[in-house]
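Working notes for the structure below.
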Amino acid sequence: MSCGSTTCNSTNTLGVASPVFPDLGWSWKILLAWLARVALWWERRWQYRELLELDDRLLADIGMSKTVVEEIRKFSLYERAWRDSK
């Protein structure tokens, strides 16, 4: 039978509507913002650990020291920028 007939059982689902998801409103935005914050925290934690594994000579090449890395790790970037602006 050709697919032009009315009895053709096609597996084409392009015309089928997608399932309806409930409108979660602002709650999904809060969840995504929280997940982004956790991902950023995890990335920074990994970067600080990588910096602390470098020896003093390599840190000096980029203008840092282990004490500077430790100090930056203790404060968020916002607090550090605010403190330095005074």
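The figures here come from the full heavy-atom set of this structure, side chains too, leaving out hydrogens, waters and symmetry mates. Keep in mind the model is a prediction, meaning the values are calculated, not measured.
- The side chain to side chain contact (heavy atoms under 4.5 Å, CB included) search around L54 returns L51, L58, L59, not counting sequence neighbours.
- Judged as a salt bridge (charged side-chain N to carboxylate O under 4.0 Å, His left out), the pairs with a partner in residues 53-70 (not counting sequence neighbours) are, in order, E70-R73.
- Contacts of E43 classified as side-chain hydrogen bond (donor to acceptor under 3.5 Å, both in side chains), with partners at least two apart in sequence or in another chain: Q47.
- Under the side chain to side chain contact (heavy atoms under 4.5 Å, CB included) criterion, L40 pairs with R44, sequence neighbours left out.
- Within the hydrophobic cluster formed by Ile, Leu, Val, Met, Phe, Trp and Tyr side chains joined at under 4.5 Å, directly or through other members, L31 is accompanied by W34, L35, V38.
- No path of Ile, Leu, Val, Met, Phe, Trp and Tyr side chains, each step under 4.5 Å between heavy atoms, connects L52 with W46, placing them in separate hydrophobic clusters.
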